[in-house]
Amino acid sequence: MDFIQILKEPAILVITAFFLFFTFNVMLNYSKTEKNLKSVYKFLSTLNKKEVSYRFNQLDEFMISNPYTTTCWEDFKKALVFPEKLFTASQATGSAANYSPEIFLTIDASYFFNEESLIYTKINYKFIQAMPTLLTGMGPFFTFLKMAIAFSGISLASGDVSSLEGLLTNIQIAALCSVFAVGYSLLFLFIEKILYSHKCKKHYLAIQRELIRLFDICTGEQFLIDLVKESKRQNFNNEKILKSLPEDFANSLTKSIGELTTPYLENIIYSLNKLNESIEKNNNNGDMVDKLF
């Protein structure tokens, strides 16, 4: 019995058809995953740490528009810390070359962008994991089915020897069903691992590296310590301002009053001097007239 005739057996054809279907399904899913993850990696590679703050809205829109990163990106944004200086930097776009605000990450990027979030939840990975088991299970199923059919065709009462030859042939085919099923299962595992490593794993690891490159990690404990330090510094400055406020207010009030009243007082004094001069002049003229008379 040659190899071509073995492949033409219905049971082996069914096992081969399932193997080809499973392999095509895996290739299709992994190619789709590769396309989406590669586009994310290419976009992230165009960014650098200095400009990520200014292009964050563009990054946000791109990550949300990609179906493979929408969910994990929304969770990722919640772990980002936007510094207060970012607002000032966004208002002064003219000095962007001299100013580089940073967005800090409180949790490692691998917590959000991993196999589970980028790959397993986007394809039916549990079904892919079950495919080798299904192929292996077809072997015993068709083996016993073929043997049952073979034994049902034996007729020893008539003394026909040809029925025994058919039984041996069917038993051979039944055994080959298990061989093909296990072989296809092992071959499928080999192909699936290679495709996964080439089309999926290297791309999601590249995305993790890019996100780690763009966002410096600031742990929650470190952020709280910096927050406490900043709070103490602001409290000290506020206390210092409150203590100096009465004195500064008095000085300012005195200065303002002096600036406002001094010109008026000078004008009044000048007018009084002029008035005195006029009165003295008039008095002098009156004395001369009296002397004449």
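Closest approach of T33 and I123 over heavy atoms only: OG1-CG2, 3.7 Å. Counting all heavy atoms, side chain and backbone alike, E34 lies closest to H203 at CG-NE2, 3.4 Å. Residues L214 and N48 approach most closely at CD2-C, 3.7 Å, considering heavy atoms.
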Pair S45-E210, side chain to side chain contact (heavy atoms under 4.5 Å, CB included): steps then yes or no: CA-CA 7 Å; S45 61; E210 289 299 317; 4.3 Å; yes
Test side chain to side chain contact (heavy atoms under 4.5 Å, CB included) applied to M131 and V26, step by step: CA-CA 10 Å; M131 288 177 182; V26 168; 4.0 Å; yes
Working for side chain to side chain contact (heavy atoms under 4.5 Å, CB included), residues I64 and D60: CA-CA 6 Å; I64 291 177; D60 184 35; 3.3 Å; yes
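The shortest side-chain heavy-atom distance between Q208 and D108 does not fall under the 4.5 Å cut-off. Taking the side chain as every heavy atom from C-beta outward, S197 and K202 never approach each other to under 4.5 Å. The shortest side-chain heavy-atom distance between F188 and T23 falls under the 4.5 Å cut-off. At least one side-chain heavy atom of I128 sits under 4.5 Å from a side-chain heavy atom of Y30. Within the 4.5 Å cutoff, no side-chain heavy atoms of I212 are placed close to those of R209. Using a 4.5 Å heavy-atom threshold, the side chains of L80 and F56 count as touching. L135 has its side chain out of reach of V182: every pair of non-hydrogen atoms, C-beta onward, lies at least 4.5 Å apart.
Checked against ring-ring contact (aromatic ring centres under 6.0 Å, His included), F76 has the following partners two or more places apart in sequence or in another chain: W73, F112, F113, F215. F18 pairs by the ring-ring contact (aromatic ring centres under 6.0 Å, His included) definition with F22, not counting sequence neighbours.
Side-chain heavy atoms closer than 4.5 Å link hydrophobic residues (I, L, V, M, F, W, Y) into clusters, and following such links, even through other members, never connects V179 to L20. Residues L37 and M27 are members of one and the same hydrophobic cluster, defined by side-chain heavy-atom contacts under 4.5 angstrom among Ile, Leu, Val, Met, Phe, Trp and Tyr. Under the 4.5 Å side-chain heavy-atom criterion for Ile, Leu, Val, Met, Phe, Trp and Tyr, M138 and F127 are members of the same hydrophobic cluster. Note: the hydrophobic cluster containing I12 also contains V14 (ILVMFWY, side chain heavy atoms under 4.5 Å, direct or indirect links). A continuous path of hydrophobic side-chain contacts links F19 to F21 [ILVMFWY only; heavy atoms under 4.5 Å].
Side chain of T121 to backbone of E116: a donor-acceptor contact under 3.5 angstrom is found. The closest donor-acceptor contact from the side chain of R213 to the backbone of L44 lies under 3.5 Å. Judged by distance alone, the side chain of T46 and the main-chain N or O of F43 form a donor-acceptor pair under 3.5 Å. With hydrogens and angles disregarded, no donor-acceptor distance shorter than 3.5 Å links the side chain of T143 to the backbone of C177. Panel note: side chain N29, backbone N25; a donor-acceptor pair is recorded below 3.5 Å.
With respect to the salt-bridge test (charged N to carboxylate O, under 4.0 angstrom), the residues E115 and K201 do not qualify.
The closest side-chain donor-acceptor pair between S39 and N36, if any, does not fall under 3.5 angstrom.
Partner of I191 under the side chain to side chain contact (heavy atoms under 4.5 Å, CB included) criterion, out of L189, I194, L187: L187 alone.
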